[in-house]
> 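Structure below; questions to follow.
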Amino acid sequence: MGEGSVKKLADIRRSAMAAIAATTLLAGCATRDTGAADVWDPLEGPNRFIFAINQTVDMIAIRPVSVLYRDWMPKPAQRSVHNAMQNLGEPVTALNDAVQGDGHQAMTSVARFLVNTTLGVAGLFDVATSFGLKKSDNDAGQTIGYYAGVQPENGGFYLMLPLIGPSNARDAVGLVADSAVDPFGIAIYSLSSSTAYWIYAGTRYGTTVIDTRVRTMTALDDLQRNSVDYYAALRSAYTQRRAEQIRLKRDRTSPQAELERRDNLALVR
Amino acid sequence: MLARRRNMLHLAAGAAAVVVAPRLAAADLDPAAQLIQRTASQVIELIKTRTGAARESGILQVLEADFDLNYMGRSALGVHWNQATPEQRDRFLKAAANAEAHAYAERFGQYGGQTLTLGRVTNRGGSSFVESKLNQSDGEPISITWEVRNEGQGPRIVDVKIEGVSMVMTRRSDFNSYIQNHGGKVESLIDELESRAKR
C-alpha cells in the first residue's frame, strides 16, 4: 500500500468519524470545509426568518426584562444565580472533559461540583475557584468538533434556533446530547413526572437566557450597531468563537502544545 | 449553548480600554508588543483625562496613528476589492476607516478599570501576533490577540481577535453578505457606509 492510499484511508476514516459524530440526522460535517469568512448556510432563508422572530421576541421581552434584572437585582444575587446555573451544568461538563480524554479536567469539574454544591450552598457561591479548581468550558458540540477531524470552523450547516440563537449542525446535536445526559433532568423525570421535568427545564432555560442576555448585552449591542448585516456578522462571530474553543481543546493534546506546557512547568519549578 | 454565546460575544467588553502591565521582559523588546503597549496606555490616558468630543477626537488620532485602517478595510472587502473601481476603492476605504474608527472609539470609551497583560509574540506570514489577557474586576480574563503588520509605515495594528473572534473576519462576512444581498454591487455597500457616517 502506497503512501497515497494510506492517506486516503485516513481521510475516509476521518470522514466516517465526522459523519458518525454529526449523527444521521444532520450529516454534512465532512462534506464541506467552510471558513469563518464564508460560513456554509444553505438554510439562510429560513434561518433569517427565525432570526427575525428571535429579534422581535428579544426586543419586546428578553432585552427589557434583562435590563430590569441587570439594574435592579443586587450584583451579588446576580452572581449567585449565574453560579448556580453553571453548577447545574458541571456534571455534563465533566462528562465532556472525560470523553475528550482530559481526565484531569474531568476530575476537576467533578470536584468543583461537589465543593460548590456543599460548601457553596447548592452552587450559589463559587468556592471551588478560590480553591484553585479551574472552571472548564466544555460541551458536546466541542466534543464532536474535537473528534470530527475537520477544520473546527466547519460545524456543518449553520442553524438559527428559535429562542436559543446561533448554532450549527454540530452544536445542535451537541445541545440535544448534553440535555439527554443531564443527570438532574433524568433524575427529575424518572423520580417524578414529565410535568416536573418541564418545569425544571423551563426554569433553568429561562434563568440562563436572562443571565446570558445580561452578560452579552454590551457585545451584542456593539455587533448590531457596527454591522451592515447583523445576521451575517453574528454568524461569523459565532462560528469563529466556537472554532476557537474547539481549537483550544485540540491544542491541549497536540504534541507542540504539550511541549510548551512542559516548558511552562519547567519554568514554574 | 447560551453560556457559549456569552463567551463568544465578549467583543465589546474585550475591546474596552485597558491599562498595560507588561509581565515578560521579552515583550518589552518586541516592536509589535511595544506598539500594543503604547496604544493601550495612550487610550487609557485619554479616557482618564478627557471627556466627550475631546476624548473621541483623541481616540481617533490614536487609531489613525496605530491602526492600519486602509489594510483593514481592504481585507474586510475581500474578493470584492478586485471588482471595485479605483474611485470606489477610495470612497470605500474612507467610509470603512471612518466606521471602524467610530466603532473603536465607542468600545474604548466603555472603560471599567480593566488591565491588559501582554503575553507571547509569534510571527507568521509577515504578521506578528501579540497575545494578551484583559483582566476584568469581575469575571474571567478575556484573551485578545493583536495582529501587527508593517506595510511600509512602521508596525501598525491590522486586526484584533477577541476570544478567537477576528474583527476583520467578522466585518468581511458582514460586508460580503450585504453586497450579495444587494445585487452583488460594491456601490450599495459604500452608499450604506457613507449614509451611516452622516447619521
> Out of curiosity, Ser143(B) OG to Leu248(A) CG, how far, rounded to the nearest 0.5 Å?
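It comes to 7.5 Å.
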> Let me know if Ser166(B) has heavy atoms under 4.5 Å from chain A in its side chain, its backbone, both or neither.
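The answer is both parts of Ser166(B).
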> Under the side-chain contact (heavy atoms from CB on, under 4.5 Å) criterion, do Glu44(A) and Asn181(B) qualify, and how do the steps go?
CA-CA 12 Å; Glu44(A) 184 164 348; Asn181(B) 290 323; 4.3 Å; yes
> Roughly how far, to the nearest 0.5 Å, is CD of Gln240(A) from CE of Met167(B)?
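Here the rounded value is 7.5 Å.
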> When you look at NZ of Lys135(A), are more than 12 heavy atoms from neighbouring residues, nucleotides or ligands closer to it than 6.0 Å?
yes
> Determine the option with the most heavy-atom pairs under 4.5 angstrom with chain A, choosing from Ala99(B), Gly78(B), Gly164(B).
Gly164(B)
> So does Asn226(A) get a backbone contact from the side chain of Arg196(B), meaning a donor-acceptor N/O pair under 3.5 Å?
no
> Only one of Asp174(B), Val165(B), Thr170(B) clears side chain to side chain contact (heavy atoms under 4.5 Å, CB included) with Ser236(A); which?
Thr170(B)
> Where do Glu163(B) and Arg241(A) come nearest, in terms of heavy atoms and distance?
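For Glu163(B) versus Arg241(A), the nearest heavy atoms are O-NH1, 3.0 Å.
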> Taking atom CG of Asp229(A) and atom CZ of Arg171(B), what is their separation to the nearest 0.5 Å?
11.5 Å
> Rounded to the nearest 0.5 Å, what separates atom OG in Ser177(B) from atom OH in Tyr230(A)?
14.0 Å
